[in-house]
Structures are given as C-alpha cells and as structure tokens.
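First up is the structure itself, then whatever we jot down about it.
All chains are named by letter (A, B, ...) in the order of the sequence lines, taking the proteins before the strands, and each is independently numbered beginning at 1.
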There are 2 protein chains.
Amino acid sequence: MSEGVEWALHCCVVLTVAPQPVPAARLAELHDVSSSYLAKHLQQLARAGLVKALQGGHAGGYVLTRSADEITVLDVVEAVDGTRAAFVCTEIRQRGPVATPPEACTRPCGIAQVMFAADQAWRASLRAVTIAELARGVTKDNGPAAFTGITRWLTKPSEG
Amino acid sequence: MSEGVEWALHCCVVLTVAPQPVPAARLAELHDVSSSYLAKHLQQLARAGLVKALQGGHAGGYVLTRSADEITVLDVVEAVDGTRAAFVCTEIRQRGPVATPPEACTRPCGIAQVMFAADQAWRASLRAVTIAELARGVTKDNGPAAFTGITRWLTKPSEG
DNA sequence: GCAGCATTACTCGGATATAATTTGTCCGAGTACGTCAGG
DNA sequence: CCTGACGTACTCGGACAAATTATATCCGAGTAATGCTGC
C-alpha cells in the first residue's frame with residue numbers, strides 16, 4: 001500500500017483540530033515528510049472531495065469539507081490509493097488450450113469471487129472507522145495535551 | 001497485488017485434479033503465461049511447503065504436499081506476496097517538531113490499529129476458503145467436463 | 001534372459017536484465033490581504 | 001476620512017525526473033527413466 005495513505009490519514013486527523021486552513025508545507029513540516037510529495041496526496045484528497053483547498057495570501061491552506069465523523073478511513077484510503085481492488089482477474093480460465101468457452105463465463109470465476117469478498121471485508125473494516133474516532137483515540141491515548149500542542153504549533157506565525 | 005497470485009491459485013486448483021506431477025512448463029502452457037516467471041512463483045509455493053517439486057527425467061513436476069482442503073487461499077497468497085501486511089506504520093507521530101515522546105508510544109497508533117484490523121479481516125476472509133472449495137466451485141459452475149478436459153490434456157504425452 | 005551401468009532427456013533452482021509503478025521534485029497559475037494614491 | 005486600484009506574498013496545481021519494485025528471462029545443477037553391454 002502506498003505510504004502516502006499514512007500521511008494523508010495523519011493530515012486528516014490534524015485538520016480535525018486545526019482552527020484555520022493549514023498549508024501543505026506546514027503539514028509536511030509537522031510530520032517531517034517531503035513537502036512536495038505530500039502536496040500531491042493532498043491534491044488527491046481534494047479531488048475526492050474530502051478536503052477543500054483555499055488559496056490566497058495568508059489564509060490559504062487545506063480544510064476538511066465535512067465533519068470528521070462523516071469521513072471514514074476508507075474514504076481517505078480510496079482517495080489516495082484509488083478505488084480499484086487489489087486483485088484484478090485476468091480471466092485466465094479463458095486462455096490456453098483448454099480454455100473455458102466465453103459463453104460459460106457468465107459469472108466471475110471462483111478465485112475472483114473469493115478475492116472480491118476479501119476485498120469487501122477489508123473495505124468494510126476501514127469504512128467502520130471515522131477520522132473523528134481516530135482523533136478521539138489520540139486524545140484517549142496521549143491526553144488532550146497532544147492536540148493542544150499541535151494546535152499551538154499550527155497557529156505559530158511562521159517558522160521560528 | 002502481484003499478478004502471480006492469480007497464476008498460483010489456478011495452478012493449485014489444477015494440481016488438485018492432476019493424477020501425476022505436472023511440470024512448470026506444462027502449467028504455463030495450460031494457462032498461456034510465461035513459463036519462466038510462473039516457475040518463480042511455483043518455487044515460492046515450494047518454499048512455503050504447499051507444493052513439492054519432484055525432479056527427474058519423465059516423472060518430474062509439482063505435486064500438492066497435502067490435501068486440497070488443508071490448503072487455504074491465504075496460504076497461497078502469503079506464499080507468493082509475502083506475509084507482511086500491506087500497511088506498515090512509519091511512526092509518523094514520533095517525528096517532527098511536535099513529536100509524541102517515545103515513552104508515550106507503548107501501543108501502536110490508532111491508524112496502525114485500524115489498518116491492522118482491516119488486514120486481519122482480509123486474511124480471515126481468505127483463510128475461510130480452501131483450494132478444494134475452489135475446485136468444487138469450478139465443477140459446479142462448468143460441470144465435471146472442465147476438469148476431465150484438463151486432466152486429459154495434462155496426461156497427453158507431449159505437445160501435439 | 002537378466003543385472004549393472006553409462007547415457008540422456010527432462011526437471012527444478014537461483015542469478016540475471018527489463019518494464020512499470022511508486023516516490024520525489026520543480027516551476028507556473030491564481031487568489032486574498034495589505035498598501036497606497038486619489039477623491 | 002473613505003474608496004478604489006495596485007502590488008505583493010503566499011497558496012495550490014499539474015508537468016517533469018529518479019528510485020524501487022514487479023515482471024520476464026536465461027543458463028547451470030540434479031534426478032529418474034532408458035537403452036545398452038556384458039555375463
């Protein structure tokens with residue numbers, strides 16, 4: 001899985017507690033990752049409609065478009081890694097000297113079915129958790145101080 | 001996901017009905033895929049202990065090491081694609097200017113937990129299906145003729 | 001006719017190139033604020 | 001003092017390279033059957 005998924009999820013959690021729009025460069029510095037590359041993933045989030053990019057002199061940056069409990073982890077994963085399933089059936093059964101005739105292939109082959117079911121289970125598991133729950137987990141594990149520290153750093157005038 | 005997974009699964013299903021050891025080249029021709037590359041994946045299956053490679057003049061080839069209902073789809077997937085989870089936590093929370101102190105990171109972060117749970121669900125779904133069940137599905141969908149045709153072709157003396 | 005042996009043809013196994021995807025970077029387009037001139 | 005336009009500094013967005021991984025391939029090591037020879 002793309003490493004950008006992890007970055008994007010952390011960014012979404014941070015945006016949960018950000019009172020202002022946060023520029024991509026600020027998010028990158030906060031997480032100590034490549035600024036330019038993170039921007040790419042944030043663009044993907046924007047295309048998916050999860051975040052909104054505000055442009056302009058001093059108030060620009062990214063903001064969540066909806067409440068954090070309306071954004072599931074699956075939304076972020078699919079925005080970054082795409083919605084295509086990991087397994088794609090090549091229809092091997094229709095190839096080779098003993099190929100199954102196409103008229104007998106009305107249903108996907110058993111292997112594809114199993115893979116599809118597993119993929120559905122995976123997605124369901126990710127869909128069951130929201131960004132808001134992730135944020136709640138952080139405060140539960142590390143206390144409220146974690147987020148106040150991040151908020152304070154985010155609202156710092158510039159690098160100091 | 002690696003495309004070799006699909007090949008390996010089909011090969012395992014075929015080996016279910018093969019009365020003799022089947023060489024890699026024969027399996028490759030049957031599925032119309034690269035012979036050399038399929039050999040690599042069969043080696044991975046052999047390393048995982050799912051199949052046994054018999055060497056020798058005319059009786060060489062691959063055989064399942066155990067009954068097909070003792071081999072799960074997950075076994076094959078893990079043999080080919082590895083057992084590592086798709087998501088690996090980079091411990092982003094411990095990086096950057098507002099990094100979480102290491103002593104507070106006794107548990108994996110919430111994101112990693114969610115990803116791990118999803119991975120577990122995915123694996124459980126794949127573990128629930130055996131190769132024998134896949135083979136049964138083929139006979140149910142395409143009739144017993146499908147496997148008899150394959151068996152007949154497999155036992156053909158050579159290419160003709 | 002039978003046993004032993006060298007041959008042979010076939011198999012797997014790992015080391016080796018190539019293509020695709022992921023990762024990383026750069027510069028141009030666009031907008032809101034702050035400033036300044038004019039009324 | 002208020003209004004309008006302008007300039008500037010900051011933002012995002014997509015086009016452009018490098019590294020890693022997946023894909024594909026080749027040739028050498030090893031084994032069981034086969035055919036032959038000698039008894």
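Across all strands, A:Gly61 comes closer than 4.0 Å only to sugar-phosphate atoms, never to a base (heavy-atom distances). Among the protein residues, A:Ala24 comes within range of the sugar-phosphate backbone only, with heavy atoms under 4.0 Å from sugar or phosphate atoms but none that close to a base.
Applying the salt bridge (charged side-chain N to carboxylate O under 4.0 Å, His left out) rule to pairs touching residues 111-122 of chain A yields A:Asp119-A:Arg123, sequence neighbours excluded.
Under the 6.0 Å distance and 45° angle rule, B:Arg26 counts as a cation-pi partner of B:Trp153.
At least one side-chain nitrogen or oxygen of B:Ser2 sits closer than 4.0 Å to the OP1 or OP2 atom of D:dT23.
Listed nucleotides: C:dT11, D:dT23, D:dC12. Nearest to the side chain of A:Pro23: D:dC12.
A pairwise comparison of heavy atoms in A:Leu42 and A:Val51 identifies O-CG2, 4.0 Å as the closest pair. When every heavy atom of B:Gly96 is checked against every heavy atom of A:Asp32, the shortest pair comes out as N-CB, 3.8 Å.
With sequence neighbours excluded, no residue forms a salt bridge (charged side-chain N to carboxylate O under 4.0 Å, His left out) with A:Glu133.
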Nucleic acid footprint by protein, nucleotides 13-19 of chain D - heavy-atom cut-off 4.0 Å, B for base, S for sugar-phosphate alone: BBB----
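Mapping B:Ser34 and B:Ala59 onto DNA chain D by nearest heavy atom places B:Ser34 at the nucleotide closer to the 5' end.
Interatomic distance, CZ of B:Phe116 versus OG of A:Ser125, reported as 11.0 Å (0.5 Å rounding).
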